[in-house]
Amino acid sequence: AQEKKPELPDQNRPAMNETVNQSIRVSQEKLDYLMNMIGELLISKNRIFHLANKISLEYSMPALSREVKGVAAELARISDELQNSIMSVRMLPLKTLFQRYPRTIRDTARKAGKLVELTIEGEETELDKTVIEAINDPLVHMLRNAVDHGIEPAEVRQSLGKPATGRICLKAGYQGNHVVIQIIDDGKGLNPDEIKLKALKKGLITSEQIETMSNDDA
């Protein structure tokens with residue numbers, strides 16, 4: 001009889017103790033529903049604290065009041081953790097948004113006949129999914145403006161002693177509890193007088209305001 005050889009582990013098969021990262025798609029509607037339910041849970045938690053105080057003051061049962069407060073405190077901890085967990089699920093890295101913009105810059109620069117290089121920093125910064133969706137159009141508008149109105153044509157830049165290729169930097173980062181997104185270019189900058197005239201044409205300011213408006217206000 002032949003001796004049975006021990007089976008060698010399949011090198012392509014993950015070990016049983018290895019954690020396999022998995023992800024699933026969850027609709028925005030379901031996440032919003034969970035957030036609403038957590039909001040109701042927080043309201044109920046506050047009502048239990050109020051009930052505990054009522055038991056102590058109106059019914060002179062301090063021992064029962066302390067017990068109810070203990071339960072309320074545990075409920076508060078759980079509800080806070082649930083809220084933080086759902087908030088983290090709604091967060092996405094800005095990379096999901098920023099990765100669209102190199103093509104936007106290339107297409108805009110080609111149409112404008114300019115040489116432009118885009119650099120991106122802080123794409124790992126996270127924002128709520130709904131906020132990311134809301135800021136896409138404004139960011140695209142500002143990036144195109146940077147190419148069309150900020151970066152000068154290559155020959156103009158060279159005459160000014162600048163590199164022929166203009167540079168635009170899109171950067172994001174945390175400042176305290178806030179996320180700050182900046183668009184910086186090495187173009188000609190902003191002309192306050194042109195901005196004032198544009199605002200006047202759009203009816204945003206009056207001709208009298210132009211005379212007294214500072215460049216910072218413009």
Just wondering, are more than 12 heavy atoms of other shown residues or ligands nearer than 6.0 Å to OH in Tyr33? no

Locate the shortest heavy-atom distance separating Ala109 from Val116; write the atom from each residue and the value. CB-CG2, 3.8 Å

In Å, rounded to the nearest 0.5 Å, how long is the span from CG of Leu97 to CG of Leu92? 10.0 Å

To the closest 0.5 Å, what do you measure between CZ (Arg77) and CD (Glu81)? 4.5 Å

Quick one, Asn136 and Arg100 - any side-chain contact, counting heavy atoms below 4.5 Å? yes

Do Asp216 and Ser214 pair up side chain to side chain, a donor and an acceptor below 3.5 Å, judged on atom types alone? no

Is the shortest heavy-atom distance from the side chain of Leu42 to the side chain of Asp80 under 4.5 Å? yes

Going only through I, L, V, M, F, W and Y residues with side-chain contacts under 4.5 Å, is there a path from Leu41 to Leu51? yes

Has the side chain of Ser79 got a donor or acceptor atom that lies under 3.5 Å from a matching backbone atom of Ala76? yes

Restricting to non-hydrogen atoms, name the atom on Thr125 and the atom on Ala172 that form the minimum distance, rounded to 0.1 Å. OG1-O, 3.6 Å

Tabulate below the donor-acceptor pairs under 3.5 Å that side-chain atoms of residues 138-145 make, not counting sequence neighbours, or state none.
from: His141; atom 1: NE2; to: Asn145; atom 2: ND2; distance (Å): 3.3

Answer yes if Ile38 and Leu75 sit in the same cluster of Ile, Leu, Val, Met, Phe, Trp and Tyr residues linked by side chain heavy atoms under 4.5 Å apart, and no otherwise. yes

Counting only heavy atoms not in Glu155, do more than 12 fall under 6.0 Å of its CD? yes

Any side-chain heavy-atom pair of Leu94 and Ile120 under 4.5 Å: no

Give the table of side-chain donor-acceptor pairs shorter than 3.5 Å for residues 187-206, with sequence neighbours excluded, one pair per line with atom names and distance.
from: Asn191; atom 1: OD1; to: Asp193; atom 2: N; distance (Å): 3.0
from: Asn191; atom 1: OD1; to: Glu194; atom 2: N; distance (Å): 3.3
from: Lys196; atom 1: NZ; to: Met213; atom 2: O; distance (Å): 3.0
from: Thr206; atom 1: OG1; to: Glu208; atom 2: OE1; distance (Å): 3.3
from: Thr206; atom 1: OG1; to: Gln209; atom 2: N; distance (Å): 3.3
from: Thr206; atom 1: OG1; to: Gln209; atom 2: OE1; distance (Å): 3.4

Side chain proximity check, Ile168 to Tyr101, heavy atoms < 4.5 angstrom: no

Test: Arg157 and Asp186 ion pair at under 4.0 Å: yes

Does a sphere of radius 6.0 Å around CZ in Arg47 hold more than 12 heavy atoms from other residues, nucleotides or ligands, not counting ones at 6.0 Å or beyond? no

Report the distance from atom OG1 of Thr165 to atom CD of Gln158, rounding to the nearest 0.5 Å. 8.5 Å

Leu31 and Ile86: which non-hydrogen atoms are nearest, and at how many Å? O-CG2, 4.4 Å

From CG (Leu118) to CG (Asp185), nearest 0.5 Å: 11.0 Å

Assigning hydrophobic clusters by single linkage (Ile, Leu, Val, Met, Phe, Trp, Tyr; side-chain heavy-atom cutoff under 4.5 Å), is Tyr174 placed with Ile184? no

Considering only heavy atoms from C-beta outward, does the side chain of Leu170 approach that of Glu121 to under 4.5 Å? no

Does one hydrophobic cluster hold both Val131 and Ile183, with members joined at side-chain heavy-atom distances below 4.5 Å? yes

Of Met91, Lys95, Arg90, the residue whose pairing with Glu126 passes side-chain contact (heavy atoms from CB on, under 4.5 Å): Met91

Output the distance between atom CG (Leu127) and atom CD1 (Ile135), rounded to the nearest 0.5 Å. 5.5 Å

SB check Arg110 Asp107 (cutoff 4.0 Å): yes

Beyond-backbone contact of Ile132 with Asp128, side-chain heavy atoms, under 4.5 angstrom: no

Which value, rounded to the nearest 0.5 Å, describes the distance between Lys114 atom NZ and Thr108 atom OG1? 10.5 Å

Please table the atom pairs, donor to acceptor, closer than 3.5 Å between any side-chain atom in residues 55-72 and protein atoms at least two apart or in another chain.
from: Ser65; atom 1: OG; to: Ala52; atom 2: O; distance (Å): 2.6
from: Lys69; atom 1: NZ; to: Asn53; atom 2: OD1; distance (Å): 3.0

hydrophobic_cluster_shared for Ile78 and Leu34, side chain cutoff 4.5 Å: yes

Answer yes or no: is there an ion pair linking Glu152 with Lys162, defined by an N-O contact shorter than 4.0 Å? yes

